[in-house]
Amino acid sequence: MAAMMKAAVLVEQGRIELDDKPVPAVGPNDALIRITTTTICGTDVHILKGEYPVAKGLTIGHEPVGVIEALGSSVTGYHEGQRVIAGAICPSFTSYGCQDGCPSQDGGHSGHGYKPMGGWRFGNTIDGAQAEYLLVPDAQGNLAPVPDGLTDEQVLMCPDILSTGFAGAESAGIRIGDTVVVFAQGPIGLCATAGARLRGAGLIIAVDGVDERLAMARQLGADVTLDFRSVDVVDEILKITGGRGVDASIEALGLQSTFEAALRVLKPGGTLSSLGVYSEDLHIPLGAFAAGLGDHKIVTSLCPGGKERMRRLMQIIDSGRLDLGAMVTHHYALDDVVAAYDLFSHQRDGVLKVALRP
Ligand SMILES: NC(=O)c1ccc[n+]([C@@H]2O[C@H](COP(=O)([O-])OP(=O)(O)OC[C@H]3O[C@@H](n4cnc5c(N)ncnc54)[C@H](O)[C@@H]3O)[C@@H](O)[C@H]2O)c1
Ligand SMILES: [Zn+2]
């Protein structure tokens, strides 16, 4: 009989619980990782609530930090016992989508071309990281060794939150001196704010409604913070920019209202960079969109993965350019995953990210 492990499984809508599953068998291109630390993403909460559908019985989670337990026969250049991370998105690097420059939109192995989001497999189409062990497919392209001296918690944001937040800033094409607004300062928005600073933005405006998050935004690079509960955010941003509008607005929530505000504050020719996961159709207001003639760019990004992306993100942390340590606000054993979801999904007790340890 196969050895068993604990895993956080979607039982049904509204219920993610710990269950026993067999430790996965390792194929030639895979690696088996013993998870040492993982965490919960806002997207996992969408899954819990049934706003983003995945199969019942699936292990959730896509943010692994761990140690190589076993390597497939075709995977070279790594060794058992090595500390590694893998991106939340783990592309095959062989599909049309990958070779066309969009590995996150990995076409999968069907040979039928593009399948949106095909690179997002952990906790979406295959078992995920909230477990004692994780099978990493296409390990040769996805395992990234953790530099000595960095703790699990220092690299815990790299697989998803940091890669996504930075992608929002990168896709926005921020130039030195740009004015940038970031709507929502959850973990993703905070990393977008940090990314905007690293890209050289001249003025960063961060919007949220939670005092601790606005304080964290200032710590990570926001010059101005706006509380949507007490000000008309669109008016305020237009005032701050002397009516010019912002060069780039980053949406990091996934609601009509924030998407729309991000468009309303954008200068003609500006870029709306959207990161949120939406669960309803979006409506584009004609006025804010200049009837389609505003030279606006609306871009979306799915978290970039792969070992080179992960290496770069860990380099930023290793060189001291960014410290996200303060984002890990709570610690739970994997055994207490239900309590961890409860705290995280209700955003209680100032939680930003929880470290989950098997
Ligand atoms: N694109 C990707 O690859 C990717 C990856 C991971 C997560 N996501 C998505 O990104 C989004 C953000 O994730 P997160 O974990 O940071 O979410 P979160 O739920 O932790 O944070 C959302 C924040 O939005 C704030 N907020 C609520 N209403 C607001 C409003 N009207 N204006 C401004 N702020 C408001 C809340 O106070 C909270 O701080 C989610 O939709 C998530 O699914 C996308
Ligand atoms: Zn995520």
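Whatever order the structure lists ligands and atoms in, that order sets their numbers, starting from 1. The first residue in the sequence is number 1, and the count goes up from there.
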Quiz item: Looking only at distance, does F183 have an N or O less than 3.5 Å from an N or O of ligand 1?
Solution: no

Self-check item: Salt bridge K307-D138, side-chain N to carboxylate O under 4.0 Å
Solution: no

Quiz item: Ignoring hydrogens and geometry, is there a side-chain-to-backbone donor-acceptor pair from S345 to V45 under 3.5 Å?
Solution: no

Quiz item: What protein heavy atom sits nearest atom 44 (C) of ligand 1, and how far away is it?
Solution: L275 O, 3.0 Å

Practice problem: Among S171, S163, P103, find the residue that satisfies the side chain to side chain contact (heavy atoms under 4.5 Å, CB included) test when tested with P304. | Solution: S163

Quiz item: With respect to V233, which candidate in I205, L226, D227 satisfies the side chain to side chain contact (heavy atoms under 4.5 Å, CB included) definition?
Solution: L226

Quiz item: Just which atoms of ligand 1 are under 4.0 Å from any heavy atom in G42?
Solution: 15 (O)

Quiz item: Do R229 and D211 meet the salt-bridge criterion of a basic N to acidic O distance under 4.0 Å?
Solution: yes

Exercise. Identify the protein heavy atom lying closest to atom 23 (C) of ligand 1, giving its residue, its atom name and the separation to 0.1 Å.
Key: D208 OD2, 3.6 Å

Quiz prompt | Nearest non-hydrogen protein atom, atom 22 (C) of ligand 1 | solution = L253 CD1, 3.5 Å

Exercise. Determine whether the side chain, the backbone, both or neither of V45 has a heavy atom under 4.0 Å from any heavy atom of ligand 1.
Key: neither

Practice problem: Specify the protein heavy atom at minimum distance from atom 4 (C) of ligand 1: its residue, its atom name, and the distance to 0.1 Å. | Solution: T164 CG2, 3.5 Å

Quiz prompt | Nearest non-hydrogen protein atom, atom 8 (N) of ligand 1 | solution = T43 OG1, 3.6 Å

Quiz item: Less than 3.5 Å between some nitrogen or oxygen of G189 and one of ligand 1, yes or no?
Solution: no

Quiz item: Ion pair present between R309 and E170, side-chain N to carboxylate O less than 4.0 angstrom?
Solution: yes

Quiz item: When clusters are formed by joining ILVMFWY residues with side-chain heavy atoms under 4.5 Å apart, either directly or through shared neighbours, do V277 and L302 land in the same one?
Solution: no

Quiz item: L302 heavy atoms, cut-off 4.0 Å: which ligand 1 atoms fall inside?
Solution: 3 (O)

Quiz item: Below 4.0 angstrom, N of the basic side chain to O of the carboxylate: do R83 and D152 qualify?
Solution: yes

Practice problem: Around atom 18 (P) of ligand 1, find the nearest protein heavy atom and jot down its residue, atom name and distance. | Solution: Q347 NE2, 3.6 Å

Quiz item: Looking at D247 and K267, does any basic side-chain N land under 4.0 Å from a carboxylate oxygen?
Solution: yes

Self-check item: Smallest separation among heavy atoms of I250 and A192, with atom names
Solution: CG2-CB, 4.0 Å

Quiz item: Which residue owns the protein heavy atom closest to atom 29 (C) of ligand 1, what's the atom, and how far is it?
Solution: F228 CE2, 3.3 Å

Practice problem: Do me a favour and list the nearest non-hydrogen protein atom to atom 13 (O) of ligand 1 with residue, atom name and distance? | Solution: I188 CG1, 3.3 Å

Exercise. Report the part of A261 (side chain from C-beta onward, or backbone N, CA, C, O) that has a heavy atom under 4.0 Å from ligand 1; answer both or neither where that applies.
Key: neither

Quiz item: Of all the atoms in ligand 1, which lie at a distance below 4.0 Å from a heavy atom belonging to T258?
Solution: 30 (C), 31 (N), 32 (N)

Exercise. Examine H62 and say whether one of its N/O/S atoms is closer to the Zn ion (ligand 2) than 2.8 Å.
Key: yes

Quiz item: Backbone, side chain, both or neither: what part of V210 comes under 4.0 angstrom of ligand 1, heavy atoms only?
Solution: side chain

Quiz item: Can you list the ligand 1 atoms lying under 4.0 Å from a non-hydrogen atom of A252?
Solution: 11 (C), 12 (C)

Quiz item: So, D223 and R218, do they make that salt bridge, N to O below 4.0 Å?
Solution: no

Practice problem: Run the numbers for me: atoms of ligand 1, each under 4.0 Å from some heavy atom of S301, listed by number. | Solution: 1 (N), 2 (C), 3 (O)

Practice problem: Report the part of D160 in contact with ligand 1, treating N, CA, C, O as backbone and CB onward as side chain, heavy atoms under 4.0 Å; options are side chain, backbone, both, neither. | Solution: side chain

Practice problem: For the pair E260 (side chain) and S257 (backbone), establish whether a donor and an acceptor sit closer than 3.5 Å, ignoring hydrogens and angles. | Solution: no

Quiz item: Once the angle between the rings of Y52 and W120 is folded into 0 to 90°, is it parallel (under 30°), tilted (30 to 60°) or perpendicular (over 60°)?
Solution: tilted

Quiz item: Rounded to 10 degrees, what angle sits at the Zn ion (ligand 2) between C41 SG and D160 OD2?
Solution: 110°

Quiz item: Purely on distance, is any nitrogen or oxygen of F344 under 3.5 Å from one on ligand 1?
Solution: no

Exercise. Answer yes when K21 and E132 have at least one side-chain N-carboxylate O distance shorter than 4.0 Å, and no when they do not.
Key: no

Practice problem: Check ligand 1 against C41 and write out every atom of the ligand that is under 4.0 Å from a heavy-atom position of the residue. | Solution: 6 (C), 7 (C)

